[in-house]
Undergrad: 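I'd like to ask you about the structure that follows.
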Amino acid sequence: MTAPRTNTVARDAISPERPLDRGVDALLSLQRADGSWEGECVWNPMLAAQYVIAGYVMKLEISGDRRRGLLKQFESTRQSSGLWGLHPFDDGTLFVTTLVYVAARLLGAPKDTPWLAEAQRLFSRERVESIPTWGKVWLALLGLYEWAGINPILPEVWALPKALPVHPANYYCHTRAIYLGLAVLYGERIVADDSPKLDALRTELYADRFDAIDFVRCANDVRAADAPFQATLPLRALFSIMRVYDRVHARGFRRSVLSRLRDDMRAHLRASDYLSLSPVNGLLGMVALWHANEEDPDLRAAVARFDAWFWEDDQEGSRVAGAGSVCWDTAFALQALMELPEASQSEEVTHGVDFLLSQQVRFAGFEHEAAFRIDPTGGWCFSEMGHRWPVSDCTAEALIAILETRPEMLGEDDAVRAVRFMLRCQNYDGGFGSYEPSKTRVPLEWMNPSEMFGRCMTERSYVECTGSCLIALCAVKQRYPALLPNLVSAAIDRAREFLCRAQNPDGTWSAAWGVHYLYATMFGVRGLLAAGVPATDAHVRDACHWLLEHQRGDGAWGEHYQSGAEGHYVHSQRASAVQTAWALIALIEADEPNDRAVARGVEALEAMQTPDGEWPDEEYVGVFFETALLNYRFYRLYFPVTALALHRGSAQRRIERRPS
């Protein structure tokens, strides 16, 4: 974590009496010395637990400070139930609780540690062998579960003809990367050296039942509370066929496939500057490489680079982030400042744009087709440029930030590259995927083996990505009307039509990356407006009407994270500053005529501000794969500032339009 830079905006332009100015001051104070902003992307302690388990398998030494920091993180993230879950609002899951318990014990926490007591009680009433499959894998690596009790993850699937829809090349990239690692671990049945510590854990997890368990029968035994997406009947039938194959497979062929897959892992590591796509697949890949060669230079580089995923401080200890978000956060911070004349021309904005320009992927640097990937040239990543996994909406939001603040700093060649990358992500239906377009029209969700996560098998068209790309493409078209005019115009038309089709009958849109209707509706409204749809159009007015209908009595908005899972809007018990900002951004940009409703929203947002100019850090309003909630810690800074700045600008424009 880089230290924030000093705020150099003239202090006489900022009044401590005005909530907007306090918010701007707080946002500017957190800019880093390199011009960027980045807030922690908080998930849950599962990632830190997996880091500990992988390190134990690979016999890596964890320093005393980090060991203490990890234990502090585990202790401080318990739910009120005393267990651990996928996010702070559930009652705890067997999956996360088991991994955290095992990791804590491996780090040296005594069995009688008070904050482990509830986990031990959970193990006494629940069968650990019913942990979801991904948990079974991590336990099997330690010899705390038998590989025979895991549904087959065949390496040979990667040797199938790529034209087959079920080839992993067609999977969503995160799923593809994770199952690349899992295929090698399963194919080689990797197990850590036994030890008295592991022997003690077998007793603690299974109450002396370990040797009596028929693990083969446990493959499809998954605790219902942990697995909202249990394996389908067709998938279970496929597992049965694969299990037969696994008993008779050709050993030589498997060895050759495993060797090739490890080569693929090395290529992926090099392409991502050894970050890997995510910490999960990074750890799986490291264990797979370690098993073949403990001195593998790519393994050593990846182990050293894994520190980039860590956030560490005295308050919350050592934790592994769900993602890096430096380009994403910087783009939205700049867009917030753009709305303010006193800040938009500042040195901070120029420095932020300099940073963003330095983060565009200028060349692929690897054989992307061999890696089943599209050409990343021209895109921006969610994380830093070296990650080399650019995303359509990250590219779009970076372009928007640059074109709205310092358009003269963006060269036409860079704009062309960015546009071409976004267009490579556009799907046949006009919508935009995230990292790449959909690679197959054959439904694959029936073979989702994750059990805990939904809609994770293939890329699809997302309202959020489409809205962002629409805004960016329209901004590029305005700045560079001669730049790929036919391609850009056609892409805009198709994306606008997709958004119109994707709108729900009640006026909302459904999200994939945020909670849920409020998030997607902001992008839907903004995308249509950017594409030239008038604010009076029924699509826009229906969305605004829905937003006003769901405004709380206190003027704020608050949507429960279960909205996405239940398929209808669910009110939260408490107001959300970030979600209030999302609703206000959509309403203000759509010229909502109900001034009083907008003013009440602004008043509620201002009332939620903390004395330091920020907003409460308690909101998990990011989401992926339907069940994984994320807290993007800087959302509470730049989205409220954007909403308040838009409101001030809107009020000023209304004053200027009044007849004298």
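Keep in mind the model is a prediction, meaning the values are calculated, not measured.
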Undergrad: Is D193 salt-bridged to K59, going by a charged N under 4.0 Å from an acidic O?
TA: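 Yes, this pair counts.
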
Undergrad: Closest heavy-atom contact between C218 and I213?
TA: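 Scanning both residues, the minimum pair turns out to be SG-CG2, 3.9 Å.
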
Undergrad: Centroid-to-centroid, Y51 to F310, below 6.0 Å?
TA: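 Yes, close enough.
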
Undergrad: Report the C-alpha distance between R262 and E188 in whole Å, list the side-chain angles of each, state the deciding distance to 0.1 Å, and finish with yes or no for salt bridge (charged side-chain N to carboxylate O under 4.0 Å, His left out).
TA: CA-CA 12 Å; R262 281 193 295 269; E188 297 188 332; 2.4 Å; yes

Undergrad: Salt bridge between K111 and E204, side-chain N to carboxylate O under 4.0 Å?
TA: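 Salt bridge absent between K111 and E204.
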
Undergrad: Under a 4.0 Å N-O cut-off, is there an ion pair linking R574 with D554?
TA: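 Here R574 does not pair with D554 in a salt bridge, since their nearest N and O are not under 4.0 Å apart.
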
Undergrad: Is the distance between the ring centroids of W134 and F453 under 6.0 Å?
TA: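 They qualify: ring centres under 6.0 Å apart.
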
Undergrad: Do the charged groups of R243 and D246 touch, with an N to O distance under 4.0 Å?
TA: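 Not counted as a salt bridge, because no side-chain N and carboxylate O are separated by less than 4.0 Å.
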
Undergrad: Measure from the ring center of Y179 to the ring center of Y171 and say whether it is less than 6.0 Å.
TA: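 No; Y171 has its ring centre 6.0 Å or more from that of Y179.
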
Undergrad: What verdict does the salt bridge (charged side-chain N to carboxylate O under 4.0 Å, His left out) test give for D329 and R32, after you've listed the backbone C-alpha separation in whole Å, the side-chain angles of each residue and the deciding distance to 0.1 Å?
TA: CA-CA 12 Å; D329 286 336; R32 292 170 167 175; over 6 Å; no

Undergrad: I'd like to know if the side chain of Y561 pairs up with that of S572 as donor and acceptor (distance under 3.5 Å, no hydrogens or angles considered).
TA: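 Note: Y561 and S572 side chains miss the donor-acceptor criterion.
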
Undergrad: So, do V57 and W290 sit near enough that their side-chain heavy atoms are less than 4.5 Å apart?
TA: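 SC-SC contact between V57 and W290 confirmed.
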
Undergrad: Measure centre to centre between the rings of Y620 and F89, then say whether the value is under 6.0 Å.
TA: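 When the ring centroids of Y620 and F89 are compared, they turn out to be within the sub-6.0 Å range.
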
Undergrad: If you compare all heavy atoms of I153 against all heavy atoms of Y186, which two are closest, and at what distance to 0.1 Å?
TA: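 Nearest heavy atoms, I153 then Y186: O-CD2, 3.3 Å.
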
Undergrad: Taking the six-membered ring for Trp, are F625 and Y172 closer than 6.0 Å centroid to centroid?
TA: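 Here the rings of Y172 and F625 have centres that are less than 6.0 Å from each other.
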
Undergrad: Give a yes or no on whether a salt bridge exists between R127 and D221, defined as a side-chain N under 4.0 angstrom from a carboxylate O.
TA: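 Yes, R127 and D221 are salt-bridged.
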
Undergrad: Has the side chain of Q79 got a donor or acceptor atom that lies under 3.5 Å from a matching backbone atom of D91?
TA: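 A pair under 3.5 Å: no.
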
Undergrad: Tell me whether the count of non-hydrogen atoms from other residues, nucleotides or ligands lying under 6.0 Å of CZ in R254 goes above 12.
TA: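 Atom CZ in R254 is crowded, with more than 12 foreign heavy atoms closer than 6.0 Å.
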
Undergrad: Give the minimum heavy-atom separation between H516 and S510, together with the two atoms involved.
TA: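 Heavy atoms only, the tightest pair is NE2-CB, 3.8 Å.
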
Undergrad: Give a yes-or-no answer on whether the side chains of W84 and T77 include a donor-acceptor pair shorter than 3.5 Å.
TA: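 Distance-only check passes for W84 and T77.
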
Undergrad: Do you know the tightest heavy-atom contact between E146 and F215?
TA: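 Looking at all heavy atoms of both residues, the closest pair is CG-CD1, 3.2 Å.
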
Undergrad: Are Y632 and E40 side-chain neighbours, meaning at least one heavy-atom pair lies under 4.5 Å?
TA: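 No - every pair of side-chain heavy atoms lies 4.5 Å or more apart.
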
Undergrad: What I want to find out is whether D313 reaches K72 closely enough, with some N-O distance under 4.0 Å, to be called a salt bridge.
TA: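 No.
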
Undergrad: Using 0.5 Å steps for rounding, measure from the CD atom of E451 to the CZ atom of F95.
TA: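 That separation rounds to 10.0 Å.
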
Undergrad: Are the charged groups of R209 and E129 less than 4.0 angstrom apart, N to O?
TA: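 The answer is yes: the pair qualifies as a salt bridge.
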
Undergrad: Quick one: does V102's side chain get under 4.5 Å of L144's, heavy atoms only?
TA: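 Yes. Closest side-chain heavy atoms under 4.5 Å.
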
Undergrad: For the pair W328 and F382, name the ring-plane relationship: parallel under 30°, tilted 30 to 60°, perpendicular over 60°.
TA: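 Rings of W328 and F382: tilted, 30 to 60°.
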
Undergrad: So that I can tick it off, tell me whether D214 and R217 are bridged by a salt bridge, with the cut-off set at under 4.0 angstrom between side-chain N and carboxylate O.
TA: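 Looking at R217 and D214, the cut-off is met.
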
Undergrad: Crowded around K197 NZ? As in, over 12 foreign heavy atoms under 6.0 Å?
TA: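 More than 12 heavy atoms, drawn from other residues, nucleotides or ligands, come within 6.0 Å of this atom.
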
Undergrad: Test side-chain contact (heavy atoms from CB on, under 4.5 Å) on T93 and L83 and set out the steps.
TA: CA-CA 7 Å; T93 65; L83 306 176; over 6 Å; no

Undergrad: Do Y101 and W115 pass the ring-ring contact (aromatic ring centres under 6.0 Å, His included) test, and can you show the C-alpha distance, the side-chain angles, and the key distance before you say yes or no?
TA: CA-CA 10 Å; Y101 182 89; W115 50 268; 9.0 Å; no

Undergrad: Could you pull out the closest heavy-atom pair between R633 and R636, with the gap in Å?
TA: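 Heavy atoms of R633 and R636 come nearest at O-NE, 2.9 Å.
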
Undergrad: Can you give me the closest heavy-atom contact between R223 and G92, atom names plus distance?
TA: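 Nearest pair, atom of R223 first, then G92: NH1-O, 4.4 Å.
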
Undergrad: So, do H568 and Y517 have ring centers that fall under 6.0 Å from each other?
TA: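 Ring centres of Y517 and H568 not closer than 6.0 Å.
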
Undergrad: Between the side chains of D612 and R22, is the shortest nitrogen-to-carboxylate-oxygen separation below 4.0 Å, so that they form an ion pair?
TA: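 A salt bridge is absent here (no side-chain N lies under 4.0 Å from a carboxylate O).
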
Undergrad: Check this for me: does any side-chain nitrogen of one of D314 and R68 sit under 4.0 Å from a carboxylate oxygen of the other?
TA: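 Judged by the 4.0 Å cut-off on N to carboxylate O distance, D314 and R68 do not form a salt bridge.
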
Undergrad: Under a 4.0 Å threshold between the charged nitrogen and the carboxylate oxygen, would R455 count as salt-bridged to E445?
TA: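 Not counted as a salt bridge, because no side-chain N and carboxylate O are separated by less than 4.0 Å.
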
Undergrad: Between W513 and Y462 (judged by ring centroids, cut-off 6.0 Å), do the two rings come close enough to count as a pair?
TA: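 Under 6.0 Å, so yes.
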
Undergrad: For S276, does its backbone N or O pair with a side-chain atom of H387 as donor and acceptor, under 3.5 Å?
TA: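 Between the backbone of S276 and the side chain of H387 there is a qualifying donor-acceptor contact (under 3.5 Å).
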
